[in-house]
There are 2 protein chains.
Amino acid sequence: MVTRIPAPALRAELIAVLVAVTDGEPQVLTIRDGSLLPSGPFASADRSLQASLRAWVEQQTGHPLGYVEQLYTFADRDRSADDTQRRVISISYLGLTRQALAAGGHAASWRSWYRYFPWEDWRDGAPAMIGKLIAPRLRAWAAAAGTPALKRERLQRVRVTFGCTDVPWNEDMVLQRYELLFEAGLVPEAAGAPGTGLPGAHMLYDHRRILATGIARLRAKIKYRPVVFELMPESFTLLQLQRAVEALAGQLLHKQNFRRLIDSQDLVEETGELATETGGRPAKLFRFRQQVLIERAIAGSKLPLARSA
Amino acid sequence: MVTRIPAPALRAELIAVLVAVTDGEPQVLTIRDGSLLPSGPFASADRSLQASLRAWVEQQTGHPLGYVEQLYTFADRDRSADDTQRRVISISYLGLTRQALAAGGHAASWRSWYRYFPWEDWRDGAPAMIGKLIAPRLRAWAAAAGTPALKRERLQRVRVTFGCTDVPWNEDMVLQRYELLFEAGLVPEAAGAPGTGLPGAHMLYDHRRILATGIARLRAKIKYRPVVFELMPESFTLLQLQRAVEALAGQLLHKQNFRRLIDSQDLVEETGELATETGGRPAKLFRFRQQVLIERAIAGSKLPLARSA
DNA sequence: TCATTAATGCTCAGAACGAGCATATCGAGG
DNA sequence: CCTCGATATGCTCGTTCTGAGCATTAATGA
């Protein structure tokens, strides 16, 4: 069972989905004009994977990473083909950071993640493109299935992932939706499908899939772990906090319920100061109670979803 | 940013946490007299990681893997030290299988996972060892802290992870508990801590930690995904299903509420037959409605926890 | 027949949640 | 000064979810 045959040589690379929220937009760090996620070799020196990622990101972007979480590991044939098809193990991470700075070094830049997944942004209601473009094409793809059984299954999947009819929209299924589009040949990344004019920028290799994985993970996580605060400045108003959550979830929340939930969980405390920026009545400023991270490793910053504002 | 420096050679290994439930006991596949999880090299051939794992497990154990999910990837110095400290990337997986068979090949054997984590089994109430052995030692460790602040933080962590006093027991924190014991030097795996007589079998390297990760993941998962069924035979009674969930969660459930939940979710359908084995009134047999996996990728087989039977 | 073991049906109270109404406070513009 | 626009904040209501317990039914075996 423990076969200690020396396996063929591999190399490992780290791929990062770095997220920030600025001005109510969820941003992701990209390179090469937005066509790639930042990635680097695993510096075998003596660091762990995570430390290696941290060091490398901080060196590149110039500011510290808050929360870091492993996303997924996969192994493909080496894409750079520098060798004779050496295997590369890609280990992807999700990282949250407080501010989208100028992004130090080279050609790195922050982009709204809805640039890559415009259909995921429901903050202004259901995006028209779903009903007008995506759904028809997906149905056409389903209709083109070989057998009736396969056709039914495809339709089912379209219904479940893209909702719209009887099934409600589920903001967590980012990856499933992307994979469905991929399978249906509706994204340029799919082999033999030269970009069928669907809105949304694509990426090279499978980087858009990795981004989808990161978004999905983050959207799921904010519901039961207080990770949003990793993306907030030191002090903030409850509305800013709500806007950040909404940006990530791609959905608007019911303001009063959001507040009820936040303070029923003792997640924040008043700083005593007020913010007097935006038109209306000044809002109290809050800060995250770091304590809760120790008090309960569970926490749970669930977010109350609503249909409209 | 995309530095294409050929990284030093590595090797990759797959480590599996294979779980089955037999006779109401959660079992995990081990080798070497229970001291290791099964692991194998990543066959670089042309398979993906997951396919590689599947093939290798099925070849070794002789029966198919149901559900497979990646756990975690980490990189340590090569433990086997076959080379000059070549790095090894360990990719761990959680796999669910239907029956704990004789476990084909070599010295593989199934063991109850509570053999390694006896304090995690609360089906007969709070294990006495927690109050009598674990808690006192952890408190002693906390008391030995350098500064008062550190001491308070340690006590806090003990309270949160092991519950008992005001904080209720949380069955998901398997990993946190193990790591706490590790940090406190109460498990033989910790360097310089030659087994301080705590109950629970240990494993070599970090395999017990990996097992803890797998258990934690599975305990969390059964609450929102219908994965229990991967562990059940074709048809089963509701009580058998409940016992399986209880075995995994390490907690007893309220029978009526469990049933209410199960059928409110349309997870199962009657086969029409009855089971007439155990003493009492014969129970209806059910089977899992495979349909739900397509109907809603969400599903959610939450489990209602209760204090007692 | 009766004790035992389960399966099953039903109720109830409290918590959680979605949704909406109403009021309070600010700045800016007439 | 007063009103409007914009936001903060307080409170209520009905529904659903959930934990917990009571009661009844249906089989087996001594």
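As the structure is a prediction and not an experimental result, all values here were calculated from the model. Numbered from 1 within each chain, the chains take letters A, B, ... in sequence-line order.
Annotation: salt bridge (charged side-chain N to carboxylate O under 4.0 Å, His left out) contacts of Glu269(A) (sequence neighbours excluded): Arg287(A). Arg260(A) meets the salt bridge (charged side-chain N to carboxylate O under 4.0 Å, His left out) test with no other residue; sequence neighbours excluded. In this structure Ala135(B) satisfies the side chain to side chain contact (heavy atoms under 4.5 Å, CB included) test together with Arg139(B), sequence neighbours excluded.
Between Lys221(A) and Glu230(A) there is no salt bridge, since no side-chain nitrogen of the basic residue lies less than 4.0 Å from a carboxylate oxygen of the acidic one. Ion pairing of Lys284(A) with Glu270(A) is present here, as a side-chain N (NZ or NE/NH1/NH2) and a carboxylate O approach within less than 4.0 Å. Salt bridge Arg123(B)/Glu25(B): present, at least one basic N to carboxylate O contact under 4.0 Å. A salt bridge links Arg219(B) with Glu120(B); the closest basic N to acidic carboxylate O contact falls under 4.0 Å.
Residue Leu241(B) contributes atom CG, which lies 13 Å from atom P of dT8(C) at whole-angstrom precision. In this structure, CD1 of Ile262(A) is placed 13 Å from P of dT9(D), rounded to the nearest angstrom. Distance CZ (Phe236(B)) to P (dA7(C)): 14 Å, rounded to an integer number of Å. At whole-Å resolution of the value, NE2 in His254(B) and P in dC22(D) are 10 Å apart. Computed from coordinates, the Gln242(B) CD to dT8(C) P distance equals 12 Å when rounded to whole Å. Remark: P of dT9(D) and CG of Asp263(A) are 10 Å apart, rounded to the nearest angstrom. Lys255(A) places its NZ atom 17 Å from the P atom of dC11(D), with the value rounded to the nearest Å. Between the CD atom of Gln251(B) and the P atom of dA20(D) there is a distance of 11 Å, given to the nearest Å.
Ranking dA8(D), dT18(D), dA7(C) by closeness to the Leu261(B) side chain, first place goes to dT18(D).
For the helix from dT1(C)-dA30(D) to dG30(C)-dC1(D), the angle separating the two terminal helix axes comes to 20°, with each axis derived from five pairs and the value rounded to 10°.
Side-chain contact between Phe162(B) and Arg157(B) is absent, with no heavy-atom pair separated by less than 4.5 Å. Thr213(A) has its side chain out of reach of Tyr178(A): every pair of non-hydrogen atoms, C-beta onward, lies at least 4.5 Å apart. Counting only heavy atoms from C-beta outward, the side chains of Phe236(B) and Val268(B) approach each other to under 4.5 Å.
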What protein N or O atoms touch nucleotides 9-12 of chain C N or O atoms at under 3.5 angstrom, if any, and at what distances?
| from | atom 1 | to | atom 2 | distance (Å) |
| --- | --- | --- | --- | --- |
| dG9(C) | O6 | Gln256(B) | NE2 | 3.1 |

Nucleotide N/O to protein N/O under 3.5 Å, stretch nucleotides 24-26 of chain D:
| from | atom 1 | to | atom 2 | distance (Å) |
| --- | --- | --- | --- | --- |
| dT25(D) | O2 | Arg281(B) | NH1 | 2.7 |
| dA26(D) | O4' | Arg281(B) | NE | 3.4 |
| dA26(D) | O4' | Arg281(B) | NH1 | 3.4 |

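A cation-pi contact links Arg177(A) to Trp169(A), judged by a cut-off of 6.0 Å to the six-membered ring centre and 45° from its axis.
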